[in-house]
Amino acid sequence: MSVHRAARLLAGAHRAVALTGAGISAESGIPTFRGAGGLWTHYDPIKVASIDTFMKDPQAYWSVARERGPAVLAAEPNPGHYALAGLEQSGHLAAVVTQNTDGLHHDAGSIRVIELHGSGRTVQCLDCGTKESRRDVQQRLEFQMPPRCRICGGRFLKPTVVLFGESMPPGAVADAMQLAEEADVMLVVGSSLVVYPAADIPLIAVRMGTPLIIVNAESTPFDSLAEVVIHGQAGEVLPELAYLATMPGDG
Ligand SMILES: [Zn+2]
């Protein structure tokens, strides 16, 4: 059975790397961007979440954020997040590399988390550089649109996430690639693997001959390269995987 096969691979791993995408966050109630019912079926991403539009009209961005923000900020880790934290604690997993910006891996107790698309937990003033919590800015949206910097009054408060048209933080990308090169198992969770360069990360591992495990609700373009493909929910599959991989006397 594929879960047992994947668990055996993880049981023998000491520096596995997990790459997580929107699928694992969706199970915590965070609306996804792509796919059926995704955010981008309601909004045009180029209009709402590109750096060009943001610089022209931050209010367009924050109007959507006013609607979407509360659900994101209220979200809590699900059993999939906790299972990955457990695999790190038990010495099987070296790090989580994530395309998500919601901070739920940190909340679940994961120590080493590489956020390829930045973090939505903080907001930075593009004029003076001051950072403040997204939660505080979110509260101001009810009476201030767009929100202003509390220090300099600047009107370009940008979440510390990668918008369309921006490049990913080079340090995070370099860390992720190095982790992928050194990985002894690559575990992809809840990512459709259609966004580059994030999708390059499992490819690096595959080229090194590292076994690839994919846990995703739907098929991905990389399924044929994987050692094990499990179509299912992260919140159901990962706890079972972690349990089997860390059972005493197994692996
Ligand atoms: Zn400022």
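One-based numbering, in listed order, for ligands and for the atoms of each. Basis for what follows: all heavy atoms, side chains included, without hydrogens, waters or symmetry-related copies.
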J.: Can you list, by chain and residue number, the protein N, O or S atoms under 2.8 Å from the Zn ion (ligand 1)?
T.: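 Atoms qualifying: C125 SG, C128 SG, C149 SG, C152 SG.
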
J.: L238 and I24: side chain to side chain contact (heavy atoms under 4.5 Å, CB included), yes or no, with the steps?
T.: CA-CA 10 Å; L238 293 185; I24 191 168; 4.3 Å; yes

J.: Would you call D102-R121 a salt bridge at under 4.0 Å N-O?
T.: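 Salt bridge flag = no for R121 with D102.
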
J.: Do V215 and V228 land in one hydrophobic cluster if side-chain heavy atoms of ILVMFWY residues count as linked below 4.5 Å?
T.: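 They do share one cluster, since a chain of ILVMFWY contacts under 4.5 Å joins V215 to V228.
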
J.: Is there a path of hydrophobic side-chain contacts, each under 4.5 Å between heavy atoms of I/L/V/M/F/W/Y residues, joining I201 to M168?
T.: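 Yes, same cluster.
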
J.: For Q144, give me all partners under side-chain contact (heavy atoms from CB on, under 4.5 Å), at least two apart in sequence or on another chain.
T.: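 By the side-chain contact (heavy atoms from CB on, under 4.5 Å) rule, Q144 matches R140, P147, R148.
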
J.: Check whether any side-chain heavy atom of I214 lies under 4.5 Å from a side-chain heavy atom of I230, and answer yes or no.
T.: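 Not touching, per the 4.5 Å side-chain cut-off.
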
